[in-house]
Amino acid sequence: MEDEVERRQIQQILELDDEELQIEEVESLLESSDDDRDATGVVSPDHFTFNTHLASLHSYLGEVDDTRHRSAFWDGGAVLNLPLFYLEGVVLFPEATLPLRVIEPNFVAAVNRAMTQVDAPYTMGVVRGYRDSNDGPLRLAKVGTTAEIRQYRPVEDGSINVVTRGQQRFCLRRCWIDAEGAPFGEIQIIEEDIPFRTPRDAYAKLVPLNNLRGQQILSLNALSHGGRNDENDSEANSEESFENELTQTERRIHQSAIGACYDSDRTDESTSSADDNKLSESDSQSGSPCDTDSTFLGSSPSGHKKQVRNSDLGIGTKSMARKVAEPRSHLSSTLSRAFAPVWVYRMYDSFCLAQKAADMWKQIVGTPSMDGFVKKPDLLSFYIASKIPISDPTRQELLEIDGVSYRLRREIELLERLDRVRCKICKTVIARRSDMLVMSTDGPMGAYVNSYGYVHEVMTFRKAKGLVTSGRPHEEYSWFPGYAWTIINCASCDVQMGWLFTATNEKLKPKSFWGIRSSQVKDEMR
């Protein structure tokens, strides 16, 4: 079935090559491209005829064979020796595609070793290379991603065409060159955390802070007249049903929180009578410390425990305080299951953050749909990190973040603040975030390799400024079938920024778009 789909897509490429169109002037193309946008700023389907699946096939590499091998995932903390592939300006994320045209002998040896090694077959490590200055030595990032070789084809000239896919993050412990000249590295697999979901009922019964004293008095009166009433029995049943609905991980988190409350209660019971008298006197002078939300939100969990103790003792005399000790563990579970209000938990709930990030991405980019990722926050965090139009140092920062919720929070911050894209050298504004264009099923940014073996991570825009073309259009080895490419430079500093792609088929829309190299841009936050 997959072979049939690929044959149909290749046939579409051949049909595009049969119908050529005179390349128009850049100015007229820019004017016409504005007509392809709807009221929301997203390209209208009626003005978009390019098949975005074609770009993700990387058909410019020619025929490649599927290795039909899927390597197993390693446990977190596992240490491996893998052939190493380092690329300047490229950051590979899990689940992202990386095409390679391997020409240099040392990297050819690395790929061949990856294909034949026993411990980790068809796998190599990919790390970002960078220089502190233009003429400085090449340095390697400390965190990279394992890459599984999905497609492979040796070429007559000795080079190799390869399509890989990112798998797992790792820490690079050390690297060396083996006897065959292949770069190798000792890596340690990073253990990924489980996406955190706040238990659904964790804060559902949180008592208003200004009513805490009254709720405690009612509970004490009920207990002093014969134990729990019907409402308390119902609460116990609710607690049991609540825990039954949790996963094992969620149940451990919930029980740990409740256990912490019990421990604090037992600690409070052992407080000396001298401390009790002092606290009661303080409470009678200043009022209950739980009367205002600001006091609670500004305190630590330990401070909160102390405040609950103060309000208990403020109810009556020292003898009443001793009566409170017996049912106190019940109060901890019925009055509040949380130390903080709902919005605090949602700040670090991976699934709430995933929904927010997906909504923002849909609003900015429009396509592809993110609905399938919302239930997988870890994959969503890697997807956005690999596609957001930012510089490669910032992308490396995202790769190095441990924790799904922390990575999503950083990405949401970038989506909220990222506005303009500037030239890294002269800081000239060349594009805006709202002008992003999705020309591949992989998203508005992807990795592509040219005929010389250089890999470029390219972000696509419908409109750009401050750029000039250099040379004539070329159709051969185009990353987007049916489009010719022309080199573009920054008009201010003349550094090479990417390519202008123009349609060679009158049926293709959009008629033109810009491909900007992520390694040549500087982020600007508003």
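Since the structure is predicted, the reported quantities are computational estimates derived from the model, not experimental observations.
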Exam field: side chain [X] to backbone [Y], donor-acceptor pair closer than 3.5 Å:
X: Arg407; Y: Ile401; answer: yes
X: Gln151; Y: Asp65; answer: no
X: Lys511; Y: Leu508; answer: no
X: Thr146; Y: Gln168; answer: yes
X: Ser381; Y: Val404; answer: no
X: Arg517; Y: His456; answer: no
X: Thr123; Y: Glu148; answer: no
X: Arg101; Y: Leu61; answer: no
X: Thr504; Y: Gly482; answer: yes
X: Lys387; Y: Pro444; answer: no

*Distance-only polar pair, side chains of Thr428 and Ser492, donor-acceptor under 3.5 Å*: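 Checked: Thr428/Ser492 side chains pair up, N/O donor to acceptor below 3.5 Å.
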*asked:* Side chains of Ser518 and Asp392 only: does a donor on one sit below 3.5 Å from an acceptor on the other?
replied: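 Their side chains do not contain a donor-acceptor pair, so the 3.5 Å distance test is not met.
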*Between Gln355 and Asp359, does a side chain to side chain donor-acceptor pair (under 3.5 Å) hold up when you go through it step by step?*
CA-CA 6 Å; Gln355 185 64 63; Asp359 291 342; 3.0 Å; yes
[X] vs [Y] side-chain heavy atoms within contact, under 4.5 Å:
X: Leu80; Y: Asp119; value: no
X: Phe93; Y: Arg395; value: yes
X: Met459; Y: Met436; value: no
X: Arg169; Y: Phe382; value: yes
X: Trp499; Y: Val458; value: yes
X: Ile425; Y: Cys490; value: no
X: Glu413; Y: Glu411; value: no
X: Ser451; Y: Glu476; value: no

_Distance (rounded to the nearest 0.5 Å) between Ser386 OG and Leu98 CG_ =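 One finds 11.5 Å between OG of Ser386 and CG of Leu98.
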*Does the salt bridge (Lys or Arg N to Asp or Glu O under 4.0 Å) test come out yes or no for Glu400 and Arg128, once each step is laid out?*
CA-CA 12 Å; Glu400 294 179 1; Arg128 168 180 170 256; over 6 Å; no
*Aromatic rings Phe50 and Tyr483: how do their planes relate, parallel, tilted or perpendicular, breaks at 30° and 60°?*
perpendicular
_Plane angle bin for Tyr60 and His58 - parallel if under 30°, tilted between 30 and 60°, otherwise perpendicular_ = perpendicular
*asked:* Enumerate the salt bridge (charged side-chain N to carboxylate O under 4.0 Å, His left out) contacts for residues 85-96, please, sequence neighbours excluded, ordered by first and then second residue.
replied: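 Every pair satisfying salt bridge (charged side-chain N to carboxylate O under 4.0 Å, His left out) with a residue in residues 85-96: Glu88-Arg131, Glu95-Arg165.
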_For residues 72-84, which residue pairs pass the salt bridge (charged side-chain N to carboxylate O under 4.0 Å, His left out) check, not counting sequence neighbours?_
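For residues 72-84: none.
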*Centres of the Phe480 and Tyr448 rings: under 6.0 Å?*
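Here the rings of Tyr448 and Phe480 have centres that are less than 6.0 Å from each other.
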_Taking the ring of Tyr348 and the ring of Tyr406, is the distance between their centroids below 6.0 Å?_
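Yes, ring centres under 6.0 Å apart.
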*Residues that Arg174 engages under salt bridge (charged side-chain N to carboxylate O under 4.0 Å, His left out), provided they are two or more places apart*: Glu186
_Pairing residues for Phe73 by the ring pair (Phe, Tyr, Trp, His ring centres under 6.0 Å) criterion, not counting sequence neighbours_ =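 Residues passing ring pair (Phe, Tyr, Trp, His ring centres under 6.0 Å) with Phe73: none at all.
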*Scan residues 97-125 for pairs that pass ring-ring contact (aromatic ring centres under 6.0 Å, His included), counting only residues two or more places apart or in two chains.*
His69-Tyr122, Phe85-Phe107, Tyr86-Phe107
*Please walk me through it: do Leu414 and Ile390 pass side-chain contact (heavy atoms from CB on, under 4.5 Å)?*
CA-CA 9 Å; Leu414 291 172; Ile390 52 178; 4.1 Å; yes
*Compare every heavy atom of Pro389 with every heavy atom of Phe461, then report the nearest pair and how far apart it is.*
CZ-CB, 4.3 Å
*Can you sort out the partners of Asp193 under side-chain hydrogen bond (donor to acceptor under 3.5 Å, both in side chains), two or more places apart, ordered by chain and number?*
none
